[in-house]
Amino acid sequence: MARANDEIEAILQEYADLIAITGGDAFRARSYEKAARAIGGYHADVATLDPKGLREIPNVGKSIADKIVEYLTSGQISAVEERRQSVPAGVRELITIPMLGPKKAMVLYEELGISNVDQLLDAVHEERLRDLKGFGEKTEANILHGIALMQKAGTRILLNAAMDAAEQIVAELSGIEGCRKCAYAGSLRRMRETIGDIDILVAADSSAPFMDALAALPHTAEVIAHGAKKTSVRTTKGLQIDLRVLPPDSWGAGLQYFTGAKAHNIRTREIAVRQGLKLSEYGLFDAETGERIVSSTEEEIYERIGLPWIPPTLREDRGEIAAALRGELPVPVAEDDIRGDLHTHTDLTDGLAPLEEMVAAAAARGYSYYAVTDHAPDLAMQRMTKEKMLAQRDRVRELDRTHKGMRLLHGTELNIGPDGDVDWPGDFLAGFDICVASIHSHFNQSREALTRRLVRACENPYVSVIGHPTTRRIGKRPPIDADFDAVFAACARTGTALEINAHPERLDLGDEDILRAKRHGVLFAIDSDAHSTTHLPYMRYGVGTAQRGWLTKDDIVNTWPLAKLRRFLSPRA
DNA sequence: GCCGTTTTCGGCCCGACTGTTTTCAGTCG
């Protein structure tokens, strides 16, 4: 079940946007933003809290606690409803365009009556923006670029949002009588970084109860198709969900067919055809007699056409079939292989939870080590100092060994400056157990400068991991334009690991870059970059991305035992 | 609207970049 926290976070964020757009007190808007973020990352479900409990959430006072109670009891907040009257929904959509904030959006609405992205596009093409105060030709070009970026992500949604929705539906349908099996398939099962629609499969003798249940789910806004074998709906958030109900003995064939990718399926069917067989979502058949040979499990189907079972995350027609035929299919890293998280934050910088809570949540995940890596001072907004860092280190040392079986590492996330320098000199860096170094600004340097910058960071003997290497944010910011082959070569040469940042909005490195980097012989670290206890489980998306990059546990330093990891982390001569 | 080893008012992360201006507003991280 999705937590009420997510809905409340969304509506408070909307309220903050509405305040900003209508020119309200900026600090008040920020208060709602901060509260929204704190609630989204809060460990407890707000629906279970009384008003007193609500006010224990950071940045939630009386006024916001009252609004949360109002929402939980009535499903809406009157103050938000009132503000919605004065700002069309499309104006709020405008501020999701990079480079367009609340002030410019309101000017566009008040001066030109623009209240959605299409109207904005028209106005840009008619060059009507450049006459507005504070706008110009460059602004028009930037807006076009921002819209293109948004539309490239299109209607696809982030992996975690799709996963939450799918798991909720699978749980609902699994509880219906007659359900023999239920699972999600499609690009979600392959852990693609964005998801266009969700494919749900059910094995049952009778389909009607499942079709009806899907159409009746609270988040279903529209039923696109409603049949005996397939039902498609669109949720209130615009996400399409396709449900297929299969005869139980076709389960394996259906799962294989609907997991794809398309190109992978075409190849498997070609192999079947060459053996006088026919493969469909109902089974593997003799092409001549039509007799069904196997159909109940994926393993049987792959085996019968001469292949080992291929993990879903590899089914992209990127050479997995040839590798399988040669017996060289990798055993992809699994979430169970991960022994610890090497990049996490606390409320000492921009995290939401105190050190103690983050550590306890990490221990509950069964990690055998856990690194705390708050931001260093060059990210000025975090106001870090040596003194604060050393005080945190003392606290980390005290907490070490208090959770059975888990050791703590004290680290930092350094900022890679425009020239490739990092926050502190070597003598201070030497005191950390681990240094992650990442780019956080100056994304538009030349390709040469960006490449040199990353290579210099790799060459710093104290830097063990390059964090979110391309700095992309899916649907929001493109990757930086560096010569990544040169960077990967530098990582391999210097023994610096590349991060696979597991945050669903980053997934950075992405699968294709991982494949390239691996050819250079690079090592990797899969990290949650958690800013809240609720982000620690994002690890699964990093693992999925690593699998898509064909990585095995040996490639990933945080699957290693602590002693081996420590040797890797120690400064290079 | 929230918060407090500076506590019931008066601050609120702070600096840089961009594109627009001709000294600055808006946006971002």
Side-chain angles (χ1 to χ4, degrees), chain A residues 8 11-13 15-39 51 54-68 70 77 79-80 83 94-108 111 124 129-146 149 345 347-352 374-385 388 391 413-419 423 438-445 449 467-468 471-473 476-478 480 501 503 505-506 508 529 531:
Chain A
I8 306 235
I11 196 165
L12 291 181
Q13 179 61 51
Y15 193 50
D17 290 345
L18 292 173
I19 292 170
I21 291 169
T22 52
D25 177 12
F27 289 118
R28 213 171 131 243
R30 247 190 93 58
S31 285
Y32 281 100
E33 255 175 42
K34 287 194 313 199
R37 211 166 90 82
I39 290 161
L54 289 173
R55 295 190 58 173
E56 282 172 14
I57 305 173
N59 304 309
V60 173
K62 176 164 184 352
S63 173
I64 292 179
D66 286 347
K67 289 186 173 72
I68 296 171
E70 185 188 351
I77 298 174
V80 179
R83 291 262 176 178
L94 297 181
I95 71 173
T96 62
I97 300 168
M99 309 299 295
L100 248 197
K103 294 290 187 295
K104 281 194 158 67
M106 199 56 183
V107 169
L108 291 172
E111 302 292 323
V124 171
L129 262 51
R130 58 187 62 181
D131 300 328
L132 295 172
K133 187 172 165 57
F135 289 74
E137 287 185 39
K138 285 272 179 59
T139 317
E140 287 180 342
N142 281 338
I143 287 173
L144 278 186
H145 182 245
L149 240 167
H345 297 271
D347 63 1
L348 183 61
T349 55
D350 56 352
L352 291 163
D374 271 313
H375 289 288
D378 285 358
L379 219 56
M381 61 183 185
Q382 309 297 353
R383 295 175 138 188
M384 181 51 73
T385 61
K388 283 160 99 175
E413 183 185 9
L414 300 165
N415 180 60
I416 304 175
D419 298 321
D423 307 63
S438 324
I439 287 180
H440 299 99
S441 62
H442 301 83
F443 305 118
N444 294 323
Q445 286 179 315
H468 45 73
T471 77
R472 73 161 177 178
R473 290 174 63 208
K476 292 195 173 157
R477 186 170 64 209
I480 53 171
N501 189 296
H503 194 293
E505 198 178 65
R506 289 193 184 269
D508 182 11
D529 194 2
H531 285 65

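Just so it is clear: chains get the letters A, B, ... in the order the sequence lines come, proteins before strands, and each one is counted from 1.
When each of F27(A) and R55(A) is assigned the nucleotide of DNA chain B bearing its nearest heavy atom, the one mapping closer to the 5' terminus is R55(A). Between S31(A) and A105(A), the residue anchored nearer the 5' end of DNA chain B, judged by the nucleotide with its closest heavy atom, is S31(A).
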Every protein N/O lying under 3.5 Å from an N/O of nucleotides 15-17 of chain B:
from: dC17(B); atom 1: OP1; to: H442(A); atom 2: NE2; distance (Å): 3.3

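Residues that satisfy the side-chain contact (heavy atoms from CB on, under 4.5 Å) test with N142(A), not counting sequence neighbours, are M99(A). Among residues two or more places apart in sequence or in another chain, the side chain to side chain donor-acceptor pair (under 3.5 Å) test is passed with R28(A) by Y15(A).
Between dC28(B) and R477(A), no contact under 4.0 Å exists linking OP1 or OP2 to a side-chain N or O. Taking 4.0 angstrom as the limit, T139(A) places none of its side-chain polar atoms (N or O) nearer than this to OP1 or OP2 of dG19(B).
Distance CD1 (I95(A)) to C1' (dC28(B)): 13 Å, rounded to an integer number of Å. The distance from atom CG of L132(A) to atom P of dA25(B) is 18 Å, rounded to the nearest whole Å. In this entry the distance linking CD of E33(A) with C1' of dT27(B) reads 12 Å, nearest Å. dG29(B) atom P lies 13 Å from atom NE2 of H503(A), rounded to whole Å. Distance CG (L100(A)) to C1' (dG26(B)): 10 Å, rounded to an integer number of Å. Atom-to-atom, CZ of F443(A) to P of dG29(B) comes out at 6 Å; the value is rounded to the nearest Å.
Residue K133(A) is out of contact with every strand shown, counting any heavy-atom pair closer than 4.0 Å. R130(A) comes within contact range of no nucleotide atom at all, as no heavy-atom separation falls under 4.0 Å. Among the heavy atoms of the strands, none lies under 4.0 Å from S441(A). Among the protein residues, R473(A) comes within range of the sugar-phosphate backbone only, with heavy atoms under 4.0 Å from sugar or phosphate atoms but none that close to a base. Using a 4.0 Å heavy-atom criterion, one finds that N142(A) contacts the sugar-phosphate atoms exclusively.
No hydrogens or angles considered: a donor-acceptor pair under 3.5 Å links the side chains of D529(A) and H345(A). No side-chain donor from either of N415(A) and H375(A) sits under 3.5 Å from a side-chain acceptor of the other.
If you take atom P in dG19(B) and the same atom in dT8(B), they sit 45 Å apart, rounded to whole Å. Separation of the P atoms belonging to dG1(B) and dT7(B) is 24 Å when rounded to the nearest angstrom. dG11(B) and dA16(B): their C1' atoms are spaced 23 Å apart (whole Å).
Screening M106(A), K103(A), R83(A) against I21(A) for a side-chain contact (heavy atoms from CB on, under 4.5 Å) leaves a single residue, M106(A).
Of all nucleotides listed (dG1(B), dC2(B), dT27(B)), dC2(B) comes nearest to the side chain of N59(A). You'll find that the side chain of I64(A) is closest to dG1(B), out of dT27(B), dG1(B), dG19(B).
Contact between D350(A) and R37(A) at its shortest, heavy atoms only, is O-NH2, 2.7 Å. Summarising the geometry of I19(A) relative to D25(A), their closest heavy-atom pair is CG2-O, 3.8 Å, with the distance given to 0.1 Å.
Residues R477(A) and R472(A) fail the side-chain proximity criterion, which asks for heavy atoms closer than 4.5 Å.
Judged by Watson-Crick or G-U wobble contacts below 3.5 Å, the nucleotide dT8(B) has no partner.
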